[in-house]
Amino acid sequence: MSYWVFKSEPGEYGIDHLIAEKNKTTRWDGIRNYQARNNLRDQVALSDLVLFYHSSCKKIGIAGTMKVVKAAYPDPAQFDRHSRYYDAKSDRDNPRWYCVDVCMVEKFTEVISTSSLKANPVTAEMQIFKQSRLSVAAVSAAQWRAVQRLNGQLA
DNA sequence: GCCAACGTTGGC
DNA sequence: GCCAACGTTGGC
């Protein structure tokens, strides 16, 4: 089993949106970056655990955790002319973009801020801080545990 | 709202 | 295949 971090702007879609979903489950779609797509399509597996990262907002950081409940399948939005994620160049026989389904696991009582993540020697090494703009990134088991510990300190 | 980082596009 | 122009991301 692997660990991941998915980024989203809570103004667009945050952890409270996920909580409000039927079965607290949603399609994680709209990924339009090739490296993130490769991770999503080729690496992210059923039952993997995911950190929910809130970006571009007041309280930037990790808001909680999710679980992958459906492995990668073609993102339907790429074929929907009316979607902001429509991609005219994508071919139904060879889809360009993929998505997964995730469900809520835990909302942290406090968002774990980027400053505290960067202050911790383990979480400071997370890929999202080394490589900007990667919205689906790997997290090591040690990093995952460190995040859980930080959450325990805040709770 | 600014702007640095950086991925993508498109002309050559 | 190079690289300048452009658009987007995302922290501050």
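The structure displayed is predicted, hence computed values, not measured ones. Letters go in sequence order (proteins before strands), and every chain restarts at 1.
In this structure, CD of A/Q35 is placed 14 Å from C1' of B/dA5, rounded to the nearest angstrom. Rounded to an integer number of Å, the gap from OH of A/Y13 to P of C/dT9 is 18 Å. Computed from coordinates, the A/R96 CZ to B/dT9 C1' distance equals 12 Å when rounded to whole Å. Between the CH2 atom of A/W97 and the P atom of B/dG7 there is a distance of 13 Å, given to the nearest Å. Distance, A/R37 CZ to B/dG7 P: 15 Å, rounded to whole Å. Note: NZ (A/K118) to P (C/dG10) measures 12 Å, nearest angstrom. If you take CZ of A/R84 and C1' of C/dT9, they are 12 Å apart, rounded to a whole angstrom. The interatomic distance linking A/I31 (CD1) with C/dT9 (P) rounds to 10 Å, in whole Å.
Cluster partners of A/Y34, by chain and number: A/W97. The rule joins Ile, Leu, Val, Met, Phe, Trp and Tyr whenever side-chain heavy atoms lie under 4.5 Å apart.
Using a 4.0 Å cut-off, no side-chain N or O of A/K7 falls inside it from OP1 or OP2 of C/dT9. Note on A/Y53: a side-chain N or O is less than 4.0 Å away from OP1 or OP2 of C/dG11.
Interatomic distance, CG of A/D16 versus CD of A/E21, reported as 11.5 Å (0.5 Å rounding).
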Discussion item. Could you go through A/K59 and A/S113, starting from their C-alpha distance and side-chain angles, then the distance that decides it, and tell me whether this counts as side-chain contact (heavy atoms from CB on, under 4.5 Å)?
Written reply: CA-CA 7 Å; A/K59 294 168 87 176; A/S113 68; over 6 Å; no
Practice prompt. Run the numbers on A/F129 and A/L117 for side-chain contact (heavy atoms from CB on, under 4.5 Å), then give the verdict.
Written response: CA-CA 10 Å; A/F129 298 133; A/L117 291 165; 3.9 Å; yes
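Side-chain contact, A/R27 with A/Y73: a donor N or O sits under 3.5 Å from an acceptor N or O.
Contacts with DNA chain B (heavy atom under 4.0 Å) in residues 126-133 of chain A: A/S132, A/R133, listed by number.
Positionally, the nearest nucleotide of DNA chain B for A/N33 lies more toward the 5' end than for the other of A/K89 and A/N33.
Among A/V50, A/L51, A/N39, the one residue that satisfies the side chain to side chain contact (heavy atoms under 4.5 Å, CB included) test with A/F6 is A/V50.
Remark: A/W28 engages no residue in a side-chain hydrogen bond (donor to acceptor under 3.5 Å, both in side chains) (not counting sequence neighbours).
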